[in-house]
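Beneath this line is the structure, given in structure tokens, with notes to follow.
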Amino acid sequence: MSMNSRYLIVKLLIFITIEECSSALDGFNGTCDDSFSCGTISGIGYPFRRHQDPTHCGYPGFELNCDERNLPTIDIMNLKYQILGIDLTAQILRVVREDMVNSICPQELVNTTINHELFDYTSSYMNISFLFGCPFSSNIVGFGSILCSTDEISSPVLVLPGIQGPGDCKTSVVTPVPVGFLDPTRLGQVLREGFEVRWKVGRTCSGCMRSGGRCLYNNDTGLTMCGCPGPTFLADNCSTTNKTEVGSSPSSGMQLFSTSFLLVGVGSWRG
Ligand SMILES: *[C@@H]1O[C@H](CO)[C@@H](O)[C@H](O)[C@H]1NC(C)=O
Ligand SMILES: *[C@@H]1O[C@H](CO)[C@@H](O)[C@H](O)[C@H]1NC(C)=O
Ligand SMILES: *[C@@H]1O[C@H](CO)[C@@H](O)[C@H](O)[C@H]1NC(C)=O
Ligand SMILES: *[C@@H]1O[C@H](CO)[C@@H](O)[C@H](O)[C@H]1NC(C)=O
Ligand SMILES: *[C@@H]1O[C@H](CO)[C@@H](O)[C@H](O)[C@H]1NC(C)=O
Ligand SMILES: *[C@@H]1O[C@H](CO)[C@@H](O)[C@H](O)[C@H]1NC(C)=O
């Protein structure tokens with residue numbers, strides 16, 4: 001083998017090594033807080049991130065809009081929700097449609113639909129339907145009628161149990177209320193309390209956090225992983241004995257946490 005081809009092989013190896021290193025850490029640019037506040041809620045963590053945080057700090061679909069004096073908001077299926085509570089341990093999120101916080105009537109004429117890839121309803125909810133733009137001759141059925149005025153339609157609105165299509169009316173808006181809802185005089189209160197969903201991603205994050213790590217989102221693989229302090233290793237959590245090191249030089253690491261975590265474990269799991 002000539003000197004030249006050996007040199008070429010060494011160069012190639014170096015190139016491949018660098019490529020692998022950079023791809024393992026690609027997309028992790030900037031630091032994430034272990035726990036953060038957003039609006040009036042504190043102690044928030046993965047899978048949530050604030051809009052201004054680097055993308056790897058949260059799972060896609062969990063971006064929060066923060067406004068110092070108000071509750072955070074989140075967009076689900078193109079509709080804005082106010083966040084009433086976040087339980088990181090139980091993975092439960094309580095939300096209310098922002099357009100129904102101050103109004104018994106939905107202002108946006110769209111159904112409440114959650115993204116089932118990310119969320120499930122927690123306890124038992126039933127649906128009710130608001131029928132807008134009904135003919136004045138309509139029989140008052142179901143929970144009765146309420147007065148609403150939206151930009152589009154201003155007329156009595158029928159409130160019915162269950163999922164109802166518009167029928168003779170112009171449009172119907174379906175939204176969940178707790179099972180057993182019977183008393184129309186409590187409609188406003190029940191709607192303002194919103195509903196709970198359980199998020200389905202990052203299930204092993206509590207183990208990662210307990211072990212001193214911080215969950216991160218790997219945009220290349222679409223997976224959640226546990227970033228651990230110290231040398232980079234593959235792990236589901238930081239206390240596992242099965243640590244596969246993927247990089248040992250701290251100088252090759254990037255600072256991904258606000259605290260002094262240096263490198264990232266790339267052990268990953270689905271969700
Ligand atoms: C990291 O982010 C900063 C600011 O957002 C940007 O200026 C820089 O180019 C980014 N670096 C890489 C490698 O993407
Ligand atoms: C309410 O409707 C949504 C979608 O329209 C559906 O996913 C959900 O299962 C319904 N809930 C009940 C209790 O039927
Ligand atoms: C809401 O869902 C009902 C039942 O699926 C449907 O008939 C109605 O058109 C939907 N409303 C809107 C505004 O999409
Ligand atoms: C960490 O992961 C190991 C398996 O890799 C598991 O046995 C252990 O229970 C986990 N620890 C925590 C705190 O989740
Ligand atoms: C994340 O991955 C998607 C494709 O899977 C790509 O379109 C997007 O630009 C990536 N985002 C970042 C911040 O790298
Ligand atoms: C250790 O982790 C590696 C990478 O995640 C995995 O391939 C291997 O099966 C694990 N070994 C044991 C004994 O759990």
Side-chain angles (χ1 to χ4, degrees), residues 47-48 51 59-65 67 70-86 91-201 271:
F48 299 94
H51 262 295
Y59 197 94
F62 290 84
E63 295 80 21
L64 302 180
N65 309 296
D67 173 7
N70 294 311
L71 289 160
T73 63
I74 189 170
D75 290 351
I76 302 173
M77 308 292 268
N78 298 317
L79 193 59
K80 202 174 275 303
Y81 291 82
Q82 210 174 61
I83 292 182
L84 304 176
I86 294 176
Q91 307 206 158
I92 288 172
L93 175 67
R94 177 172 281 276
V95 292
V96 57
R97 280 173 65 145
E98 194 177 53
D99 66 325
M100 295 176 80
V101 170
N102 295 314
S103 158
I104 195 170
C105 303
Q107 302 295 297
E108 309 256 358
L109 300 183
V110 294
N111 288 334
T112 303
T113 47
I114 58 171
N115 181 346
H116 284 284
E117 287 187 4
L118 305 180
F119 304 107
D120 279 327
Y121 286 108
T122 53
S123 48
S124 338
Y125 290 97
M126 61 180 224
N127 287 297
I128 59 167
S129 303
F130 294 84
L131 300 194
F132 286 81
C134 299
F136 278 96
S137 58
S138 305
N139 288 326
I140 305 296
V141 290
F143 296 124
S145 73
I146 53 176
L147 271 173
C148 298
S149 80
T150 67
D151 292 339
E152 291 154 67
I153 302 159
S154 176
S155 61
V157 170
L158 301 186
V159 184
L160 302 174
I163 299 177
Q164 310 286 345
D168 287 342
C169 311
K170 288 218 174 68
T171 187
S172 77
V173 172
V174 180
T175 201
V177 293
V179 157
F181 171 76
L182 287 172
D183 178 2
T185 62
R186 291 186 59 244
L187 182 61
Q189 185 195 335
V190 158
L191 291 171
R192 275 193 303 278
E193 285 168 6
F195 57 92
E196 285 183 340
V197 289
R198 183 176 287 113
W199 64 86
K200 305 203 268 192
V201 304

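Owing to the predicted nature of the structure, the values given are computational and were not obtained by experimental measurement. The first residue of the sequence shown is numbered 1, and numbering continues consecutively from there. One-based numbering, in listed order, for ligands and for the atoms of each.
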Sidechain-backbone polar pair: [X] side chain, [Y] backbone, donor-acceptor under 3.5 Å:
X: S129; Y: V174; result: no
X: R97; Y: T175; result: no
X: D120; Y: R198; result: no

Q. Can you find an N or O of N111 that's nearer than 3.5 Å to an N or O of ligand 3?
A. yes
(Q) Would S172 count as a polar contact of ligand 3, with the cut-off being nitrogen or oxygen pairs under 3.5 Å? (A) yes
Enumerated ligand 3 atoms positioned under 4.0 Å from heavy atoms of [X]:
X: T171; result: 13 (C)
X: P166; result: 7 (O)
X: V174; result: 1 (C), 2 (O)
X: G165; result: 7 (O)

Q. Relative to each other, are the rings of Y125 and Y121 parallel, tilted or perpendicular (30° and 60° limits)?
A. tilted
Q: Flag the pair F119 / F62 as yes when their ring centroid distance falls below 6.0 Å, and as no otherwise.
A: yes
Q) Of the choices I163, T112, T175, N127, which has the non-hydrogen atom that lies closest to atom 4 (C) of ligand 3? A) I163
Q: Check whether any heavy atom of V173 sits under 4.0 Å from an atom of ligand 3.
A: no
Q) Can you find a heavy atom in the side chain of W199 that is under 4.5 Å from one in the side chain of I86? A) yes
